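Contents: one structure, followed by commentary.
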Amino acid sequence: MPKEHLLALDQGTSSSRAIVFHRSGRIVASAQREFTQHFPQPGWVEHDAEEIWDTQLVVAREALAASGLSAADIAAIGITNQRETTVLWGRQSGKPVHRAIVWQDRRTEPVCARLRAQEGALDLVRADTGLLIDPYFSGTKLRWLLDAVPGAHQEAAGGYLAFGTIDSWLLWKLTGGRVHATDVSNASRTMLFDVRHNVWDHELLKLLHIPESVLPKVFPSAHVYGETDPALFGAPIPIAGVAGDQQSALFGQACFTPGLAKNTYGTGCFLLMHAGERFRPSAHGLVTTSAAQTSATPEFALEGSVFVAGAVVQWLRDGLKAISSSAEVQALAASVPDSGGVMVVPAFTGLGAPYWNADARGTITGLTRGSTVAHIARAAVESIAYQSAALLDAMQADAKAMGAPPLTELRVDGGASVNDDLMQFQADLLGVPVVRPQVVETTALGAAYLAGLATGVYAGRDELAALWQAERRFEPAMTRDEAAERMARWAHAVRQATAA
Ligand code: G3P
């Protein structure tokens, strides 16, 4: 009998998770473990790669046990991961030479500033990778490791060290050190990868002085990468899908054609729109990145991120003490009919796309004598929708220039997507329906789908598109004039936040 179950490993920034899916997309069992965040200096964020592996293995075993299935019942494993986080380890020892440098880490800003000042560097990065020069991406983190760890550059040049994002590290560990590889969607976040041709970029490697011998092999996201070490789960399981978490969610939301987009509401928001097979850098402050790919043909997505989304609720709880648990926010915000003209711009760490202003700071505007903490809470929650709407405006402008059809709906997932009032407000601002799917674990689902495609569990993308089911659709109810007026007020508040 053909195997009907897939195991997704979802290695995120704050926790390692594993989910066993039935081929229908139904969740059979899951497990999750948080792990330690290290902040050695302001602006630095590190993870212990060994702890990531340990927690990931534990949850994979727990989910499998809870499903009542054995390794032999699993058709394939799909890996999805926090992107850009950089690991460097010894090929002989299998041990990391330093803690992993996390995507949020800003330590390489001086390296980036020097690169930006170098003639032609910005244009080269934009034209070959679709990215900006920013510490967010892995390239300068790897350069930092090669400089900071004594002897690392020489060892890397001699072929003794392996670099990888978290997917590569997990692949290496799962296969007992036999596979050193990554997929195109993760490679596209390194700032070292030519996304137009799906190869490592020699000019960029030269620019950053990175020896090629340290790099993983790159394959499509749906591909049989290898088998797990039989000792891990009692029997070998093929590893057949790999994708960065945001591209995996785009795939799990069945956004396979140009113009289909998803927004994930987590600590921040990640908005991605499928942009077809033709590469075009963004002209509106977004990045163009590789989408999850099921063949050698490149596919692209436009991406923008909001730095502070769900985190604004944590600020209401821990900073302002307006609520004692995050769950209370919806009721407090709903206790007033609107924000009473109050606007909160949560630019706590500057503003990301489409503003890119590192110096912007959080701002509250429109306060009157009648303003209450409920108005502020409502405005704080609404800021999540305002920021996403501004991002989507930029994305629509890019998509139009790329010849993609206009957006007809926005698919949503992530923690705050369960907030009905927020999703309604999002639809109102956008003027397009917001659609929440039945399975909101779209990140893990995307990885399971990719693994299932590579191993014949699914015949093709049409079958996956048919599995995607809406749970609830939020139709825009606000007039376009009112939405425009509100967006203008938001733009005014953003100007205040960036004026300091
Ligand atoms: O680019 C960073 C992103 O992949 C992190 O996602 O869900 O682990 O916060 P998450």
Side-chain angles (χ1 to χ4, degrees), residues 8-19 32-37 45-47 49 51-52 55-56 59 78-87 100-106 108 129-132 134-141 164-170 182-191 193 195 221 242-253 262-272 286-292 301-314 349 352-353 384 391 412-417 440-447:
L9 306 183
D10 180 0
Q11 206 304 303
T13 311
S14 51
S15 73
S16 298
R17 310 175 65 217
I19 301 184
Q32 177 167 4
R33 278 274 197 296
E34 293 199 353
F35 57 88
T36 321
Q37 310 288 318
V45 189
E46 296 179 351
H47 288 162
E51 190 185 1
I52 284 185
T55 50
Q56 194 60 67
V59 293
I79 299 173
T80 182
N81 54 289
Q82 52 164 322
R83 306 167 305 166
E84 299 98 11
T85 299
T86 302
V87 192
I101 304 185
V102 177
W103 59 277
Q104 297 148 323
D105 191 294
R106 308 298 297 172
T108 62
T129 70
L131 306 175
L132 314 157
D134 193 271
Y136 180 20
F137 307 110
S138 319
T140 56
K141 298 182 197 294
T165 37
I166 294 295
D167 55 308
S168 295
W169 168 244
L170 293 179
T182 189
D183 90 301
V184 286
S185 71
N186 276 295
S188 77
R189 313 298 296 182
T190 59
M191 219 180 80
F193 191 63
V195 294
S221 316
V242 175
D245 55 10
Q246 302 310 322
Q247 289 98 329
S248 188
L250 189 71
F251 203 84
Q253 287 272 26
K262 70 91 197 175
N263 197 14
T264 301
Y265 296 82
T267 312
C269 274
F270 289 95
L271 182 52
L272 273 77
L286 308 174
V287 300
T288 305
T289 203
S290 299
L302 280 166
E303 173 172 333
S305 38
V306 167
F307 294 156
V308 176
V312 79
V313 177
Q314 288 161 11
T349 52
I384 301 173
L391 208 50
V412 296
D413 53 67
S417 72
V440 283
E441 296 290 356
T442 54
T443 301
L445 189 60

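Everything numeric in this text was worked out from a predicted model, so none of it was measured. All ligand and atom numbering here is 1-based and tracks the order in the structure.
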Atom CD1 of Ile19 and atom CD of Glu441: how far apart are they, to the nearest 0.5 Å?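 Taking CD1 in Ile19 and CD in Glu441, the distance rounds to 4.0 Å.
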Identify the protein atoms, limited to N or O, that lie within less than 3.5 Å of an N or O atom of ligand 1, and list each pair with its distance to 0.1 Å.
from     : atom 1 : to     : atom 2 : distance (Å)
ligand 1 : 1 (O)  : Arg83  : NE     : 3.2
ligand 1 : 1 (O)  : Arg83  : NH2    : 3.0
ligand 1 : 1 (O)  : Glu84  : OE1    : 2.7
ligand 1 : 1 (O)  : Glu84  : OE2    : 3.4
ligand 1 : 1 (O)  : Tyr136 : OH     : 2.7
ligand 1 : 4 (O)  : Arg83  : N      : 3.1
ligand 1 : 4 (O)  : Arg83  : NE     : 3.0
ligand 1 : 4 (O)  : Asp245 : OD1    : 2.5
ligand 1 : 4 (O)  : Asp245 : OD2    : 3.3
ligand 1 : 6 (O)  : Asp245 : OD2    : 2.8
ligand 1 : 7 (O)  : Asp245 : OD2    : 3.3
ligand 1 : 8 (O)  : Thr13  : N      : 2.9
ligand 1 : 8 (O)  : Thr13  : OG1    : 2.6
ligand 1 : 8 (O)  : Asp245 : OD2    : 3.3
ligand 1 : 9 (O)  : Thr13  : OG1    : 3.0

Sole residue of Leu250, Val412, Leu271 in side chain to side chain contact (heavy atoms under 4.5 Å, CB included) with Lys262: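 Considering Leu250, Val412, Leu271, a side chain to side chain contact (heavy atoms under 4.5 Å, CB included) with Lys262 is found only for Leu250.
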With distance as the sole criterion, is a donor-acceptor pair present between the side chains of Gln247 and Ser221 under 3.5 Å?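 The answer is no; no qualifying pair exists.
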Side chains of Thr443 and Asp10: do they bring a donor and an acceptor to under 3.5 Å?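 The criterion, which ignores hydrogens and geometry beyond distance, is not satisfied for Asp10 and Thr443.
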Hey, what's the ring geometry for Phe35 with His47, parallel, tilted or perpendicular (30° and 60° as the breaks)?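 Plane angle over 60°, so perpendicular.
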Polar side-chain atom of Thr80 near backbone of Ala243 as donor-acceptor pair, under 3.5 Å: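 Flag set: sc Thr80 to bb Ala243 pair under 3.5 Å.
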